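Fair warning: this is a prediction, and the values are worked out from it, not measured in the lab. Atoms considered below: every heavy atom in the structure, side chains included; atoms not considered: hydrogens, waters and symmetry mates.
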Amino acid sequence: MTPVPAAETAGNFGGLVSPRFDLLRHSHDGTRRARVIMAEQDWLAERFDEHRAHLRSVAYRMLGSLHEAEDAVQESWLRLSRSDTGDVANLGGWLTTVTGRICLDMLRARGSRRERPLDVHVPDPIVSPADGVDPEQEALLAESVGLALYVVLETLTPAERLAFVLHDMFAVPFNDIAAMLGRSPDATKQLASRARARIRAGGPSPDADLARQQEAVQAFYDAARHGDFDALVALLDPQAAMHSDGGAAHPKITGVTRGAAAIAGRALMFANPDATVHPVLVNGAAGAVVTVDGRPVSVMGFTVTGGVIVAIDVLADVDRLGRLDLSWLAS
């Protein structure tokens, strides 16, 4: 997991204000003061950009939404630009905490609006070419954990998610998280413990061997294309689960299918001879984008453990699929 950036300082001042700016603060020359303010903002923006990828990673894990993560990072910048941070010695830690608070507020607001489907919500997938993840996506993902973890994160309460993400994924101390939640450190530890238990119950992590994952996924689609029910069942763990999110346009698709036979039956039922399957990485693990006439109709992330498929997470929400940048599939 990505650690919180190490403590950072500005020269010997242990904060964000450089000595050059400090000496000029008391000038009575209005023009010079305006230039100093602009220079300070430019310098602060450069420092913020050094942490932008890390903050996007924090926000994505908290929110499971790429555009909401961008909104949270932008709000973090606005708060930084309006704050007196002269005594801040660890800018990375300060920004991580601020971003966590913003995401916590967004999760609570999301819950009050009841904007998520009640059955299942598959977070925004990060889709990459099958031969590798680009550097920007690597910073966002931190490591290849697949989409299944994010599906489980969606089931946590906002407080549980904050405690788990910030502590277990980014090494933020429980004392700091407790202050954000208005709870004791012991109570905050219990939140993280409950989250861990839920995540462990959600299933194992993908095999480290990506080629083995991709082999199982290719075999799954080959069996579906040929209508081979027995082959599909053999590729699936008997307790496998498939989470499907069809969004508002296809609410009947949304739900959980459990068991190898039930999943194999659905795979055969929805097999489309006009569909094209594009092998990809979904959150760093084996997956596929399915298109019909060049239009994406689903993104499927697979969890392959011990050579068999233990989980499939399907995003078939046409509105959200339309917001993903999948133009490179045609290249």
Side-chain angles (χ1 to χ4, degrees), residues 1 56-72 99-127 140-170 177 181 191-206 240-258 282-285 287 298-303 310-321 323-324:
M1 298 296 178
R56 286 184 69 225
S57 183
V58 172
Y60 174 67
R61 282 163 172 72
M62 282 292 298
L63 300 168
S65 165
L66 293 170
H67 78 273
E68 286 182 359
E70 292 290 354
D71 289 345
T99 302
R101 285 197 185 102
I102 292 167
C103 292
L104 179 65
D105 291 342
M106 292 173 73
L107 286 174
R108 287 170 170 167
R110 177 193 292 175
S112 67
R113 292 194 301 270
R114 297 181 180 273
E115 64 184 27
R116 298 302 190 201
L118 296 179
D119 292 332
V120 64
H121 174 74
V122 174
D124 289 350
I126 299 173
V127 184
L140 187 60
L141 286 171
E143 66 178 41
S144 301
V145 296
L147 191 58
L149 170 65
Y150 296 87
V151 173
V152 180
L153 287 175
E154 291 289 311
T155 68
L156 303 179
T157 67
E160 289 171 342
R161 191 162 184 169
L162 183 78
F164 175 79
V165 169
L166 290 193
H167 181 267
D168 286 36
M169 293 184 167
F170 296 100
I177 302 171
L181 292 171
L191 289 172
S193 179
R194 287 203 297 267
R196 282 186 218 108
R198 189 87 61 85
I199 288 164
R200 284 195 297 269
S205 299
M242 181 168 69
H243 298 82
S244 304
D245 184 351
H250 300 290
K252 292 183 179 179
I253 296 177
T254 300
V256 183
T257 304
R258 301 189 185 278
V282 177
N283 288 67
S298 66
V299 173
M300 301 180 68
F302 290 76
T303 303
V310 299
I312 306 174
D313 299 294
V314 185
L315 178 64
D317 183 333
V318 291
D319 291 335
R320 291 171 59 207
L321 288 172
R323 293 198 293 266
L324 298 177

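Here the side chains of L166 and V58 are in contact, with some heavy-atom distance below 4.5 Å. Put simply, the side chain of Y150 does not reach to within 4.5 Å of the side chain of D313, judged on heavy atoms. Side-chain contact between T254 and S244 is absent, with no heavy-atom pair separated by less than 4.5 Å. Using a 4.5 Å heavy-atom threshold, the side chains of M62 and T99 count as separate.
L191 contributes atom CG, which lies 9.0 Å from atom CG of L162 (distance to the nearest 0.5 angstrom). To the nearest 0.5 Å, the span separating NE2 on H121 from CG on L153 amounts to 11.5 Å. Rounding to the nearest 0.5 Å places CD of E160 at 5.5 Å from CZ of R198. Atom CG of residue N283 and atom CG of residue L149 lie 9.0 Å apart, to the nearest 0.5 angstrom. One finds the CG atom of D71 at 11.0 Å from the CG atom of L66 (value rounded to the nearest 0.5 Å). Here the CG atom belonging to L63 is positioned 5.0 Å from the CE atom belonging to M106, to the nearest 0.5 angstrom.
Tested against P206 for a side chain to side chain contact (heavy atoms under 4.5 Å, CB included), the candidates L147, T303, V310 yield a single pass: T303. Partner of V299 under the side chain to side chain contact (heavy atoms under 4.5 Å, CB included) criterion, chosen from V122, D124, V282: V282.
For CZ of R323, the number of neighbouring non-hydrogen atoms (other residues, nucleotides, ligands) closer than 6.0 Å is greater than 12.
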Inset, instruction - Show your reasoning for whether side chain to side chain contact (heavy atoms under 4.5 Å, CB included) applies to L104 and L181. - result: CA-CA 9 Å; L104 179 65; L181 292 171; 3.7 Å; yes
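Every residue two or more places apart in sequence or in another chain that forms a side chain to side chain contact (heavy atoms under 4.5 Å, CB included) with R196 is listed here: F164, H167, D168, F174, A192, S193, R200. Remark: H250 pairs with no residue by the side-chain hydrogen bond (donor to acceptor under 3.5 Å, both in side chains) rule, at least two apart or across chains.
Using a 4.0 Å cut-off between a side-chain N of Lys or Arg and a carboxylate O of Asp or Glu, D245 and R320 qualify as a salt bridge.
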